[in-house]
Novice: 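Sending over a structure as structure tokens; questions will come in a sec.
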Amino acid sequence: MSEPVVWLTFFILSVFVGIEVISKVSSTLHTPLMSGANAIHGIILLGAILVTGTAHTTLQLVVGLAAVVLASLNMVGGFVVTDRMLQMFTRRRPVAPDPSADRSDGATSTRGRR
Amino acid sequence: MSGTPVWAQLTYLFAAVCFILALKGLSSPRHARQGNLVGAVGAVVACVIVFFYADLRHIVPIVVAVAVGTIGGFVGARRVQMTQMPQLVALFNGVGGGAAALVALLELSDAHGPGVARFTLVATAFTIVVGAVSFAGSMVTFAKLQELMTSRPVLFPGLPVVFGASLLIALALAVLTVVEPGSWPAVGGGVLLAVVGLAVGLLLVLPVGGADVPIVISLLNAFTGLTVAAGGYVLGNTVLLVGGTLVGASGTFLTKLMASAMGRSVLNILFGALKGGSTLGAGEVSDRPVRSAGPEDMAILLNYASRVIVVPGYGLAVAQAQHTLRELVDLLGERGIVVDYAIHPVAGRMPGHMNVLLAEAQVPYEQLKEMEHINGEFKQADVVLVVGANDVVNPAAKTTPGAPIYGMPILNADEAKQVIFLKRSMRPGFAGIENELLYDPRTTLLFGDAKETLGKLLSAVKAL
């Protein structure tokens with residue numbers, strides 16, 4: 001196989017995997033999913049490091065470093081903010097002793113155990 | 001790929017698998033957090049190993065730049081209020097697209113001339129243009145959500161023509177870059193390509209109305225994903241290609257899901273406003289009479305109801321009144337009243353945003369009812385309490401074909417016996433249109449800041 005065809009294969013298969021893995025997401029998780037996917041494309045940081053590391057001119061270096069800053073903002077910020085959001089979804093289960101939560105107490109703890 | 005040792009390629013494969021597991025985890029409530037962590041591990045590992053195999057120079061400045069971005073991202077993500085989440089996601093998405101475009105520009109400046117494979121040049125041109133579109137588009141969405149500019153569609157005469165022209169120019173420049181790599185000044189051409197891409201991004205998002213902006217973030221997210229994938233091809237790096245494609249594909253699919261939750265097509269969201277003035281929203285602020293009352297009367301109404309449905313909206317979150325609302329709902333629950341929260345899929349400013357905000361206030365998951373499950377129950381509801389929501393209960397979505405939200409599925413609050421609206425003012429919602437429900441004889445308005453009003457309502461119910 002010629003190299004472009006190998007890459008095309010990677011691409012097409014990834015498209016199907018990408019659609020398949022999220023096809024059953026509930027609307028509750030749309031925001032964290034969007035934010036998490038956003039963090040994943042922060043992997044461009046790897047590309048930014050590669051091109052900056054091979055820069056020959058000062059201009060190339062400056063542009064490369066700008067790309068590195070932007071990409072790490074994307075990657076780190078994306079993962080941290082997603083985690084913060086998701087923390088709120090999971091945190092409330094252990095909070096059952098909260099007096100105001102009596103009514104749903106039973107349901108909440110069963111959920112946690114399931 | 002040729003210069004990458006086998007162990008590094010295997011590590012990239014590991015990272016790619018992490019990304020797949022991350023997306024899989026993120027789509028189920030139980031594994032979402034672990035999923036996100038797995039993705040982060042994959043990304044960090046992939047970025048660290050590059051220092052061990054590649055023959056890199058300028059290591060110190062690179063590490064400093066990574067540190068700057070990391071600290072900035074970390075602090076931004078920690079400090080942001082949950083209500084401002086959509087803007088932040090837009091911002092992070094934009095900088096990612098910008099980074100990809102810069103990477104491709106650098107590749108172009110280094111590797112041009114007849115020796116470069118045509119297909120690589122296609123991918124490079126694609127990365128530059130789409131990365132720039134994503135950057136500019138995301139910055140406009142950021143400005144709209146942060147209310148640095150109007151959230152209404154921005155239109156000017158001839159916008160479709162200018163937009164079409166810039167698309168054609170982008171295409172022509174891309175073709176030149178690919179076909180004439182020898183005679184065409186690669187770097188200058190690349191910069192020009194980026195500038196045109198910025199213009200396209202700007203013109204693409206300006207005409208989109210406020211309520212639709214979240215869908216656009218999701219779409220631009222997918223764009224950035226594809227950009228990163230193309231960048232992966234240019235650099236011969238598998239993890240960029242796979243990671244970027246995963247985000248591109250899942251992001252496109254997610255955009256479609258969100259759009260259909262609003263009863264719209266993606267094309268209609270992007271170009272609806274260009275078709276005519278109707279989508280601007282009439283903006284008619286009438287002085288028709290509305291019924292308003294004090295918290296004491298409303299407390300009686302709530303206290304003697306047997307079924308209450310709460311419709312929370314973005315205004316609730318802005319006033320930071322989630323906790324007070326939860327107290328009120330819990331109190332009513334203790335008195336034997338059945339209370340649920342009706343969550344519209346696009347309540348808040350982003351699909352699923354309201355779930356995050358209420359989760360923050362520790363509202364039990366079981367009380368949050370999705371639209372399709374609760375819409376049949378509004379008929380039986382004695383009181384519907386609308387707190388800081390507007391567009392998601394606007395009957396114009398069903399009755400007024402010209403309205404920008406026409407066709408969007410809404411919560412059937414208009415079917416309830418009584419409706420209480422907690423509102424700051426008569427100002428229309430984010431979509432900029434008037435809500436007929438406010439003038440309905442069954443509706444009572446309670447003006448004021450949501451937190452203050454809910455507090456008064458809470459103490460009035462307690463006193464009964």
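These values consider heavy atoms only, across backbone and side chains, with no hydrogens, waters or symmetry-generated copies. Chain letters run A, B, ... following the sequence lines, proteins first, then strands; residues in each count from 1. Small disclaimer: the values here were computed from a predicted structure and weren't measured.
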Novice: Is the closest side-chain heavy-atom distance between B:Val50 and A:Leu50 below 4.5 Å?
Specialist: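 Yes; the side chains approach each other to less than 4.5 Å.
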Novice: Given that the side chain runs from C-beta out, which part of B:Val234 has a heavy atom under 4.5 Å from chain A: side chain, backbone, both or neither?
Specialist: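 Neither part.
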Novice: Under 4.5 Å between any side-chain heavy atoms of B:Leu26 and A:Leu86, yes or no?
Specialist: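 Yes, side chains in contact.
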Novice: Any chance you could measure A:Thr31, atom OG1, to B:Leu254, atom CG, to the nearest 0.5 Å?
Specialist: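 A:Thr31 atom OG1 to B:Leu254 atom CG measures 9.0 Å (nearest 0.5 Å).
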Novice: Do we see a donor-acceptor contact under 3.5 Å between the side chains of B:Asn355 and A:His30?
Specialist: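 There is no such pair (donor and acceptor under 3.5 Å, judged by atom type) between the side chains of B:Asn355 and A:His30.
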Novice: CD1/A:Ile22 to NZ/B:Lys24 distance, rounded to the nearest 0.5 angstrom?
Specialist: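 If I round to the nearest 0.5 Å, the distance is 11.0 Å.
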Novice: side-chain contact (heavy atoms from CB on, under 4.5 Å) for B:Asn221 and A:His41? Distances and angles first, verdict last.
Specialist: CA-CA 9 Å; B:Asn221 192 25; A:His41 67 52; 2.9 Å; yes
Novice: What closest approach, in Å, do A:Leu73 and B:Gly73 show between heavy atoms, and which atom pair accounts for it?
Specialist: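 Residues A:Leu73 and B:Gly73, closest heavy atoms: CD2-N, 3.3 Å.
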Novice: Is B:Tyr12 close to chain A through its backbone or its side chain, or both, or neither, when contacts mean heavy atoms under 4.5 Å?
Specialist: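 Side chain only.
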Novice: Do the non-hydrogen side-chain atoms of B:Thr245 and A:Val17 ever get within less than 4.5 Å of each other?
Specialist: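 B:Thr245 vs A:Val17: side chains apart.
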Novice: In terms of heavy-atom proximity below 4.5 Å to chain A, should B:Val48 be classed as side chain, backbone, both, or neither?
Specialist: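 Interface part for B:Val48: neither.
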Novice: Could you tell me whether the side chain of B:Val80 reaches within less than 4.5 Å of the side chain of A:Arg84, counting heavy atoms only?
Specialist: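 Yes, at least one pair of side-chain atoms sits under 4.5 Å.
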Novice: At a 4.5 Å cut-off on heavy atoms, which part of B:Ala100 comes close to chain A: side chain, backbone, both, or neither?
Specialist: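 The answer is both parts of B:Ala100.
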Novice: Would you say A:Lys24 and B:Ser27 make side-chain contact, with heavy atoms under 4.5 Å?
Specialist: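 With C-beta onward as the side chain, the pair stays apart.
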Novice: Evaluate B:Leu23 against A:Leu33 for side-chain contact (heavy atoms from CB on, under 4.5 Å), listing each step before the verdict.
Specialist: CA-CA 7 Å; B:Leu23 286 176; A:Leu33 178 63; 4.1 Å; yes
Novice: Do you know which of B:Ala46, B:Ala101, B:Ala361, B:Gly231 has the most heavy-atom pairs with chain A at a distance under 4.5 angstrom?
Specialist: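 The candidate making the most pairs under 4.5 Å is B:Ala46.
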Novice: Quick one, B:Ile217 and A:Met34 - any side-chain contact, counting heavy atoms below 4.5 Å?
Specialist: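 Touching, per the 4.5 Å side-chain cut-off.
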